[in-house]
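Both backbone and side-chain heavy atoms feed into the values below; hydrogens, waters and symmetry mates do not. Proteins get letters first, then strands, A, B, ... in listed order; numbering begins at 1 in each.
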Amino acid sequence: MDNEQGFIQSIVVELENEEYAIPVEFIGGIERIQQITRVPKTTSFIKGVINLRGVITPIIDLRERFGLSPKEHNDSTRIIIAEMESFNVGFIVDAAYDVVNIPNEAIEPNPKVIGTKDIDYIDGVAKVGNRLLMLLNLERTLSHDNYQIERDQDD
Amino acid sequence: MQNNEYLDVFIEESKEHLQSLNDQLLILENDSENLDTISEIFRSAHTLKGMAATMGFNDLANLTHKMENILDAIRNDQLKIHTHIIDVLFSAVDHLEDMVVDIAEGGNGAKDVIDVIEQLNVIENGEETKSVSDKTEQLPTTEPSLAGENHFHALNEFELTVLEQAYEKSFHTYEVKVSLNENCLLKAARVYMVFEVLEQIGEVVKADPTIQDLEEENFELSFHVLLISQESPENIEKRILKVSEIEHIDVRSYTIQTKKANNEMGEEKSTSTNEVTTNNEAQSSDDEKNKQKKNVVTKTIRVNINRLDGLMNLFEELVIDRGRLEQISGELNHSELNETVERMTRITGDLQTLILNMRMVPIEQVFNRFPRMVRQLSKDLGKKINLEIIGAETELDRTVIDEIGDPLVHLIRNGLDHGIEMPEVRKANGKPEEGNLTLKAYHSGNHVFIEISDDGAGIKRENILKKAIANHIVTEEEGQALSDKEVYQLMMASGFSTAEQISDISGRGVGLDVVKNTIESLGGSISISSEEGAGSTFSVQLPLTLSIITVLLVEVGDEKYAVPLSSIIETAVIPRSEIYNAHNKQVIDFRGKVVPLISLKEVFNVPEASDEDEFLSIVIIRKGDKMAGLIVDTFIGQQEIVLKSLGDYLGEVFAISGATILGDGQVALIIDTNALIN
């Protein structure tokens, strides 16, 4: 997690009143919600695809991915476009806020609390001012395998 | 590495030189006297060596260097070409290719090539003694009185012929003396740069000391070069002086008379030279053609394919906006606006044709590797085969080109292995010993056809049927009813092999199965025709482009889907009462055939199922001989669409082959009908 500047520049997004941080180097843009074309027979958290300036981009509902209850899209709903190594993908979040610099020393490893499941898509928790930010690991967020396992555990 | 920015260029050019090496070696094998070919090969190898050395790929440079030694010996008539030499050279080229591939993948091009180097050494040394005696033979031709005037008195036949040719084409021959600055540190580098310049303005016939010595810095401060060029001496001097650390240039005309005088010194030689020259006269017209061809090539530029894709994407955006404009102008009904929009429509139409054309590549790129392959295979199989390629200039979309290579390899291997008989058998059947394999590509309508035909034994209907029945692909009764064409199609069913012995060349019959699937996934088809005893033809039909296809847009619930027109037989609206149940499946009677129905609503779990209508809209699709009817809600209409991939993240989605962007900016999914029919 360490980097040369001593901090991680991240975009803060909101999901169910909690704030998550996504490193800016992954961010390709922030879009308003638009018509999503459903793709049949895919994992349920994949909401479908959109036309992002001529590129077909799959859209993931982060609420569903993290097992939160669904929520109607409204004016503040955003799609965060992430640029991964070989593809782009969009995440639906409740809202997107500012860019913050998270100092390396403010980051603490994921707290392990008895009774909660191991969540591998959070890299750590950072306290910046009076905000608590969870650092998202995008690659693990995108993985289907763990999602399946988590669901199985739920059942 | 510092040279990173040149790496792409290096790799690209290396590939071109390797291809040229391959091509020219093949020509050389058939026509070992062809001096043009030898010098072409030598030039390719030499440039490759130079580039590799500059980039610091030593293994690559060393191996090319060894090759060059042999080529040099061949070109100087010290070595006679025979199949073994060609074989070794080919295997060296193979190694070079591996190295370049390695470099392209980020490696350092290092490879253990001791075997080949040893073989090359053996060839080189085996002839060394001979070459020495050659040199002594040449000595008497030296005329001491001329030695002071020029450095190039001991020209060999090859060089003389080149000069002769140059003279006929009214090129000038110069003797250039290059003197380097005393303080010059990197003599070899300067030499390299000088040669670079010389090769731009003409052709270096000979250097004194030899090029090899020059590159190893085995010379004092000056060297002589025999140059053929159309430039004036002043120009040559000026251009060479652009290279830094050059002290002095002396360009003198090297007249053909001097050469002829030299020539007559060795009487025996002159007669043989004349023979060669007459040969070359015939070739000079070919040379001119080549020159013209080269001129055309220089007018092209290299464009990264990603840029073209980017251009295409932007253009598609434009098309979508154009759609909106058309809609708006239609609503406003303003005559000037209408006119402008119409003009824009026409221009974008032209633009589309142009952009699509830019993505077209000649199929030559795929065909190029076949001569080598056929040569190798015919050796392995002990058959004599002549490969003929027709229509290599036929153009296809790059996406198709990328996919079509492997299926064609399979088909050619198949034709060589199963089609063409052994020489003895052919002789006994009254055919020439040498079998013919023809590869033909041509355009027809919106399709490209590629035919692979052989004049071999043809396909025995009974054998195919017997195998098919034994492998439970068809029953005996079914088999009797099939037409010849249908029987041949059985060969492409999985788990089929017709060769009495399974060979490693065309495999176990999985090949044809894979071939068929690949071609069908490209939206093409394959058919076989054959005549027993006279040969067979595999005909592959491919769409010109994969990126723009015609589809039928349909609506299911609130969702729009696109069905490729190529897989649709027709559409129909039938009353619900005409649906029958068979084995719990819904079927209809469609023109006397029982066609199973597939409800897209169920397959794709479309939400909000609409009310049950009394009439059903059905799209009849086909895959090979099988048919099925897709139940949809409404037909929207036929449309040309741009095919887009769903991207790496979603990967393979069941029954969806891609997506497209409609006029209103929405995404519609394209149905892969092949996945719906088993």
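Within a 6.0 Å sphere centred on NZ of K71(A), heavy atoms belonging to other residues, nucleotides or ligands number more than 12. The number of heavy-atom neighbours closer than 6.0 Å to CG of D75(A), taken from other residues, nucleotides and ligands shown, is 12 or below. Sparse packing is recorded around CD of E602(B), with 12 or fewer heavy atoms of other residues, nucleotides or ligands lying under 6.0 Å away. Summarising the local packing, CD of E139(A) is surrounded by 12 or fewer heavy atoms from other residues, nucleotides or ligands at distances under 6.0 Å.
Contacts of V667(B) with chain A are made by both backbone and side-chain atoms, with heavy-atom separations under 4.5 Å. Heavy atoms of Y561(B) lying under 4.5 Å from chain A belong exclusively to its side chain. There is no contact between I36(A) and chain B, counting heavy-atom distances below 4.5 Å. If you measure heavy-atom distances from I60(A) to chain B, the contacts under 4.5 Å come from the side chain alone.
The shortest non-hydrogen separation linking P40(A) to V653(B) is O-CG1, 3.4 Å. Scanning both residues, R38(A) and F604(B), for their nearest heavy atoms gives NH2-O, 2.6 Å. Taking each heavy atom of K644(B) and V55(A) in turn, the nearest pair found is NZ-N, 4.5 Å. Closest non-hydrogen pair, L669(B) versus V39(A), comes out as CD1-CA, 3.8 Å. The shortest non-hydrogen separation linking L142(A) to Y649(B) is O-OH, 2.6 Å.
Atoms OG1 and CD, from T37(A) and E559(B) in turn, are 8.0 Å apart once rounded to the nearest 0.5 Å.
Of residues 78-103 of chain A, those residues with a non-hydrogen atom less than 4.5 Å from any non-hydrogen atom of chain B are, in numerical order, S86(A), F87(A), V89(A).
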Please determine whether side chain to side chain contact (heavy atoms under 4.5 Å, CB included) holds for the pair L650(B) and V49(A), giving the CA-CA distance in whole Å, both sets of side-chain angles, and the decisive distance to 0.1 Å. CA-CA 10 Å; L650(B) 290 180; V49(A) 290; 3.7 Å; yes

